[in-house]
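Report on the structure given below.
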Amino acid sequence: MNLEERFNFRVSPSDGWYALVDCNNFYCSCERVYNPSLKERPIVVLSNNDGCIIARSNEAKLLGIGMGEPYFKMKSILQKHKITAFSSNYELYGDLSHRVMETLRTITPYVEVYSVDEAFTFWPHRLKPTLDALRQFRERVIRWTGVPVSIGLAPTKTLAKVAAKVAKKRADGCYILEEPDEYLLQQVEVEDIWGVGRRYARKLRKIGVHDAAAFAKLPDDDWIRSQFTVVGLRTVYELRGISCLGLEMLEPERKGICHSRAFSQPITNYKEMREAFFTYLTRASTKLRSRGLYARAMQIWLQTNRFAEEPYYSNAAVVQFPVASQDFFEMSQYLEPMLQSIYTDGYRYKKIGILFLDLCNETGIQPDLFDNIPRTRNAALLNVMDRLNSRYGKLTVHAASCGKERPWEMRREKLSPVAPNWRQLAVVKAK
DNA sequence: TCTGGGGTCCTAGGACCC
DNA sequence: TCTGGGGTCCTAGGACCC
């Protein structure tokens with residue numbers, strides 16, 4: 001019996017070679033592109049609100065700086081080792097990410113953008129790249145973008161992930177894993193396997209499986225499926241060299257769009273909370289419009305600080321729109337009553353969010369007979385606002401409901417002095 | 001004082017139908 | 001007293017990713 005019938009999954013129709021191109025310490029590398037004097041110096045990049053450390057240069061890793069450490073706990077250690085910290089600048093990173101991906105597309109059309117700092121490329125057997133070719137690809141990306149990358153080539157995506165990890169430790173930044181190499185897979189701890197998270201890793205260790213080679217060798221496929229679902233079984237097959245995950249070049253349609261963020265300081269009154277929600281709605285609906293999507297439902301939520309030693313409170317509300325919408329002004333009418341239904345006085349709120357669900361594009365909209373929203377007029381106005389904000393910076397023009405002061409806004413004290421995108425750079429120059 | 005944000009996929013179980 | 005069986009749809013929760 002074949003795998004498809006037995007376990008309900010398909011083996012990749014396109015047999016060949018997968019190369020994972022992985023940007024090294026991506027956010028740190030981006031900061032260096034705009035400030036070359038940081039080269040070979042230890043640096044870290046912080047999460048929103050300068051909360052914790054989410055990227056480290058090799059030098060910082062060597063100094064023992066851990067991933068995800070809260071910044072306030074590490075401040076003195078960073079100072080002691082003269083490690084420079086940066087607030088994250090996602091517009092800048094997105095821009096550089098795009099340039100890396102475009103460079104890869106000059107090498108092959110078979111590119112899957114897997115994340116902001118990773119891409120898979122596919123090569124049929126007869127076009128399998130040599131190690132020398134991989135080195136040239138790598139050189140091109142570095143020369144054209146300034147971002148250093150590692151490239152791992154293997155017969156499956158999961159093995160390409162392993163190969164890229166090996167590549168990262170090599171001087172030439174490239175590695176080819178010809179086949180599932182028993183000795184090499186023994187060096188890969190279960191936690192480091194792509195698709196195995198903390199929970200599954202603990203479960204595997206408990207039964208005496210400590211490395212990728214042992215995982216691949218588990219004898220009973222039905223048992224693996226029962227314990228780790230079909231996803232885990234796929235991982236095992238991929239480790240065995242049987243490709244189950246193909247290249248996905250088309251960006252999948254989004255199922256939800258979300259905007260959520262912690263405040264720099266807690267909100268304790270309704271007026272500020274209202275302004276915060278309208279600001280978040282502005283950002284979330286802008287995201288929706290920029291992707292050409294419409295939502296049929298909207299969820300909002302708020303919560304207090306889950307780390308603080310004070311009573312925890314969280315609440316949420318959902319609304320279905322009569323007609324799928326991307327219209328900030330229409331949504332605004334729903335927002336206030338929703339907020340009133342979940343807001344309770346007397347708490348110190350730390351984080352809120354807005355989630356759009358049940359998305360469709362323009363052709364999927366079902367009109368409503370009794371619709372009385374001036375959609376065309378609102379759309380035209382929002383279009384102008386979006387263009388102004390993209391040129392002159394977010395929230396340059398916005399509804400009055402967003403408030404003026406916004407003291408709760410995200411902290412970004414360590415932002416590098418770089419215009420976040422080209423158009424804004426032009427504005428800065430023109431001043 | 002300060003602890004990220006934004007996604008996807010799979011499964012089990014309940015509701016409901018005939 | 002007897003307490004079907006099979007199908008679909010939806011949701012919550014758990015797992016994972018960067």
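Residue numbers start from 1 in every chain, and the chains themselves are labelled A, B, ... in the order their sequence lines are given, proteins ahead of strands.
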Side-chain ion pair, A:Arg225 and A:Asp221, N-O less than 4.0 Å: no
Under 6.0 Å from the six-membered ring centre of A:Phe277 and within 45° of its axis: does the NZ or CZ of A:Arg274 meet both? no
Output a table of nitrogen or oxygen pairs between the protein and nucleotides 7-11 of chain C separated by less than 3.5 Å.
none

Regarding the side chain of A:Arg261, the nearest nucleotide among B:dG4, C:dC17, B:dG6 is B:dG6
Output a table of donor-acceptor pairs, distance under 3.5 Å, between side-chain atoms of residues 50-58 of chain A and any protein atom two or more places apart or on a different chain; print 'none' if there are none.
| residue | atom | partner | partner atom | Å |
| --- | --- | --- | --- | --- |
| A:Asp50 | OD1 | A:Ser87 | OG | 2.7 |
| A:Asp50 | OD2 | A:Ser87 | OG | 3.4 |
| A:Asp50 | OD2 | A:Glu413 | N | 3.0 |
| A:Arg56 | NH1 | A:Ile65 | O | 2.9 |
| A:Ser57 | OG | A:Ile43 | N | 3.1 |
| A:Ser57 | OG | A:Ile43 | O | 3.4 |
| A:Ser57 | OG | A:Glu59 | OE1 | 2.9 |
| A:Ser57 | OG | A:Ala60 | N | 3.4 |
| A:Asn58 | OD1 | A:Asn25 | ND2 | 3.1 |

Anything under 3.5 Å between a donor and an acceptor, one on a side chain of residues 342-353 of chain A, the other on a protein residue two or more places apart or in another chain? List them.
| residue | atom | partner | partner atom | Å |
| --- | --- | --- | --- | --- |
| A:Tyr343 | OH | A:Tyr270 | N | 3.3 |
| A:Thr344 | OG1 | A:Tyr313 | OH | 2.8 |
| A:Arg348 | NE | A:Glu310 | OE1 | 3.2 |
| A:Tyr349 | OH | A:Thr344 | N | 3.2 |
| A:Tyr349 | OH | A:Thr344 | O | 2.7 |
| A:Lys350 | NZ | A:Phe263 | O | 2.8 |

Run the salt-bridge test on A:Glu102 and A:Arg105 with the 4.0 Å N-O cut-off and return the result as yes or no. yes
For A:Arg412 and A:Ser88, work out which heavy atoms get closest and say how close. NH2-O, 3.1 Å
For atom CZ of A:Phe137, decide whether the heavy atoms of other residues, nucleotides or ligands shown that lie under 6.0 angstrom number more than 12. yes
Does anything in residues 317-337 of chain A pair up under ring pair (Phe, Tyr, Trp, His ring centres under 6.0 Å), and if so which pairs, sequence neighbours excluded? A:Phe321-A:Tyr334
Just to be sure I understand: a Watson-Crick pair is purine N1 to pyrimidine N3 plus N6-O4 or O6-N4, both under 3.5 Å. Using that and G-U wobbles, which stems of three or more pairs involve DNA chain C? B:5-18 with C:5-18
Between atom CG in A:Asp50 and atom P in B:dT3, what is the gap in whole Å? 10 Å
Of the listed nucleotides (C:dC16, B:dG4, B:dG6), which one gets closest to any side-chain atom of A:Tyr200? C:dC16
Nearest-nucleotide check on DNA chain B, A:Ile54 vs A:Thr229; residue mapping nearer the 5' end is A:Ile54
Determine the contact category for A:Glu118: base if any of its heavy atoms lies under 4.0 Å from a base atom, sugar-phosphate if only primed atoms, P, OP1 or OP2 are that close, otherwise nothing. sugar-phosphate
Determine which pairs satisfy ring pair (Phe, Tyr, Trp, His ring centres under 6.0 Å) with at least one residue from residues 42-88 of chain A, sequence neighbours left out, and list them in order. none
Strictly below 4.0 Å: does A:Lys161 bring a side-chain N or O up to OP1 or OP2 of C:dC18? yes
Answer yes or no: is there an ion pair linking A:Glu272 with A:Arg406, defined by an N-O contact shorter than 4.0 Å? no
What's A:Lys287 touching, base or sugar-phosphate or nothing? Going by heavy atoms closer than 4.0 Å. sugar-phosphate
A:Arg202 meets the side chain to side chain donor-acceptor pair (under 3.5 Å) criterion, sequence neighbours left out, with none
Could you tell me how far apart A:Glu251 (CD) and C:dC18 (C1') are, to the nearest whole angstrom? 14 Å
The correct set of residues in residues 341-349 of chain A placing a heavy atom under 4.0 Å from DNA chain B is none
I need the OH-P distance between A:Tyr312 and B:dT3, as an integer number of Å. 14 Å
Can you tell whether the side chains of A:Lys165 and A:Glu189 come within less than 4.0 Å, N to carboxylate O? no
What's A:Phe228 touching, base or sugar-phosphate or nothing? Going by heavy atoms closer than 4.0 Å. nothing
Using whole Å, report how far NZ of A:Lys157 lies from C1' of C:dC17. 12 Å
In whole Å, what is the span from the OH atom of A:Tyr93 to the C1' atom of C:dC18? 15 Å
Can you list every pair that meets side-chain hydrogen bond (donor to acceptor under 3.5 Å, both in side chains) and has a residue in residues 250-269 of chain A, with sequence neighbours left out? none
When all nucleic acid strands are considered with a 4.0 Å heavy-atom cut-off, which category describes A:Gly256: base, sugar-phosphate, or nothing? sugar-phosphate
Under 4.0 Å between a side-chain N/O of A:Lys351 and OP1 or OP2 of B:dG4, yes or no? no
What residues in residues 67-83 of chain A put a non-hydrogen atom under 4.0 Å from any atom of DNA chain B? A:Pro70, A:Phe72
For DNA chain C, which residues in residues 187-198 of chain A have a heavy atom at a distance below 4.0 Å? A:Ile193, A:Trp194, A:Gly195, A:Val196, A:Gly197, A:Arg198
A:Phe26 CZ - B:dG5 P separation (whole Å): 20 Å
In whole Å, I'd like the distance from the CD1 atom of A:Ile257 to the C1' atom of B:dG6. 10 Å
Partners meeting side-chain contact (heavy atoms from CB on, under 4.5 Å) with A:Trp144 (sequence neighbours left out): A:Thr103, A:Thr106, A:Arg140
Counting only side-chain nitrogens and oxygens, does A:His259 get under 4.0 Å of the OP1 or OP2 atom of B:dG5? no
Taking atom P in both B:dT3 and C:dC18, what distance in whole Å separates the two? 25 Å
Please classify the nucleic acid contact of A:Asn49 as base, sugar-phosphate, or nothing, using heavy-atom distances under 4.0 Å. nothing
When A:Phe122, A:Trp123, A:Phe120 are each screened for ring pair (Phe, Tyr, Trp, His ring centres under 6.0 Å) with A:Tyr18, the one that passes is A:Phe122
Can you tell me the distance, in whole Å, between the NZ atom of A:Lys165 and the C1' atom of C:dC18? 12 Å
Residues A:Lys217, A:Glu182; criterion salt bridge (charged side-chain N to carboxylate O under 4.0 Å, His left out); working and verdict: CA-CA 10 Å; A:Lys217 267 206 260 180; A:Glu182 167 104 33; 3.1 Å; yes
Is the closest basic N to carboxylate O distance between A:Lys161 and A:Glu238 below 4.0 Å? no
